[in-house]
Amino acid sequence: MEFRDLKIQYKKYKNDIDLAIQGVINEANFINGKEVKVLENRLAKYVGVKHCISCANGTEAMSLLMMAWGIKEGDAIFIPDFTFFSTGEIVSFCGATPIFVDVDRDTFNIDPGKLEEAIIRIIEEGVLTPRIIIPVDLFGLPANYFEIEKISKKYDLLVLEDAAQGFGGSINEKKAGSFGDAATTSFFPAKPLGCYGDGGAIFTNNDELAELLNSLKVHGKGEDKYDNVRIGVNSRLDTIQAAILNVKLTAFIEHELESVNKVYQQYTERLQGIVEIPLINEGYISSFAQYTIKLKNEKERDSLHAKLTENGIPSVVYYVKPLHKQKAFSSYECNVDELEISTELSGIVLSLPMHPYLTEEEVNEITECIINSIK
Ligand SMILES: *Cc1c(COP(=O)(O)O)cnc(C)c1O
């Protein structure tokens with residue numbers, strides 16, 4: 001059994017994917033081939049925004065926005081404490097200070113109440129300038145943008161939606177990638193929409209921002225890449241990856257998002273009342289980058305993890321450490337008492353195999369093993 005079965009997906013789409021790759025090789029248009037523009041247009045349309053700017057990976061997508069918005073030393077960026085390292089890394093990388101905010105225990109996403117408290121504290125301290133909120137759509141579930149956007153308006157802050165795991169999710173049919181001032185996603189192979197290497201994209205409705213990002217990602221180009229009007233980086237999505245993504249996006253739209261939500265239902269039916277299962281609030285749809293359960297305590301989590309492994313069932317702890325406990329962030333002061341949920345979660349979470357091709361038999365095997373282990 002695979003945690004996320006990319007081989008079975010390839011088997012199903014082998015013909016189309018092989019043809020797409022071969023097509024790029026035949027044309028030898030490896031950088032900026034026509035498939036890149038086709039993909040960007042399709043992604044923008046699917047997400048429901050004016051612009052999609054593809055780039056090298058999800059981390060760079062966020063870094064490009066930090067560059068575009070001129071984020072620098074002395075700026076405070078508010079991020080959830082419970083997320084992948086990258087969300088905090090890009091803040092430190094441009095010299096700004098990440099402010100770790102605790103998350104909601106049910107949704108795993110940034111807690112709007114605690115977010116506002118953190119903003120007020122930074123304003124009162126008067127040392128750093130609050131600039132951006134980066135909510136993460138953790139495990140595929142969009143963050144609470146109703147509340148977050150109210151807060152961002154009140155304190156005049158930008159919102160960057162980190163939808164690296166959120167692609168395909170939605171709130172009342174408004175798609176992940178369309179919230180905030182700009183959003184980013186990742187096409188890392190194991191993400192809801194993944195390519196066969198690294199890849200990423202930025203979404204925005206802002207024309208000027210889109211133009212600036214398109215310049216920054218190609219050496220600060222002006223008229224062309226040999227006319228350089230600003231300092232930028234080299235951050236493009238390969239044509240081969242775009243060609244693969246064009247095939248996979250069709251599969252994602254046609255059935256994968258629906259299939260993964262069927263698996264979610266099957267898990268729910270079998271695990272309800274046995275362990276704490278993911279909570280998807282009314283109006284929300286998750287793309288289930290992960291299906292994450294909560295156990296009573298660390299001991300129960302670790303023994304279930306071991307039991308599953310013993311039975312050949314892969315499971316992973318996302319995340320073993322909240323950001324504030326990462327050594328790389330040890331120089332930032334933070335009040336540990338305010339980060340109790342993220343600290344608790346790191347001790348009790350366990351992500352189970354989850355992907356659109358997981359069969360009902362496999363779900364039965366996994367859930368029976370869990371039920372036996374919990375008894
Ligand atoms: C994967 C991920 C990223 C980074 O994406 P890469 O393409 O691997 O650089 C950023 N944020 C979150 C929440 C992620 O899960």
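When a ligand or atom number is given, it counts from 1 through the structure's own listing order. What you are looking at is a predicted structure, and each value in this text was computed from that prediction instead of being measured. Counting begins at 1 with the first residue of the sequence.
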Closest approach of any protein heavy atom to atom 14 (C) of ligand 1, naming residue and atom: Lys191 NZ, 3.0 Å

Protein contact to atom 11 (N) of ligand 1 [nearest heavy atom, distance to 0.1 Å]: Asp162 OD2, 2.8 Å

Test side chain to side chain contact (heavy atoms under 4.5 Å, CB included) applied to Glu362 and Thr359, step by step: CA-CA 5 Å; Glu362 287 174 313; Thr359 64; 3.2 Å; yes

Which of the atoms in ligand 1, numbered in the order shown and given with their element, are less than 4.0 Å from a heavy-atom of [X]?
| X | value |
| --- | --- |
| Gly58 | 5 (O), 6 (P), 7 (O), 9 (O) |
| Met62 | 10 (C) |
| Gln165 | 13 (C), 14 (C), 15 (O) |
| Phe84 | 2 (C), 3 (C), 12 (C), 14 (C), 15 (O) |
| Asn57 | 7 (O), 9 (O) |
| Val136 | 13 (C) |

Any Thr83 heavy atom less than 4.0 Å from ligand 1: yes

Identity of the nearest option to atom 8 (O) of ligand 1, non-hydrogen atoms only, from Ala61, Ala163, Ser186, Gly166: Ser186

Ligand 1-proximal atoms of Thr59, by part, heavy-atom distance under 4.0 Å: both

Cation-pi, Tyr196 ring and Lys248 (6.0 angstrom, 45 degrees): no

Lys191 to Phe167 six-membered ring, cation-pi geometry met (6.0 Å, 45°): no

Derivation and outcome, side chain to side chain donor-acceptor pair (under 3.5 Å), residues Gln265 and Asn261: CA-CA 6 Å; Gln265 294 297 348; Asn261 272 280; over 6 Å; no

Basic-acidic side-chain contact under 4.0 Å: Lys150, Glu147: yes

Leu212 atom CG: more than 12 heavy-atom contacts under 6.0 Å: yes

Min side-chain heavy-atom separation Val24-Phe30 under 4.5 Å: yes

Parallel, tilted or perpendicular: rings of Phe139 and Tyr319 (30°, 60°): parallel

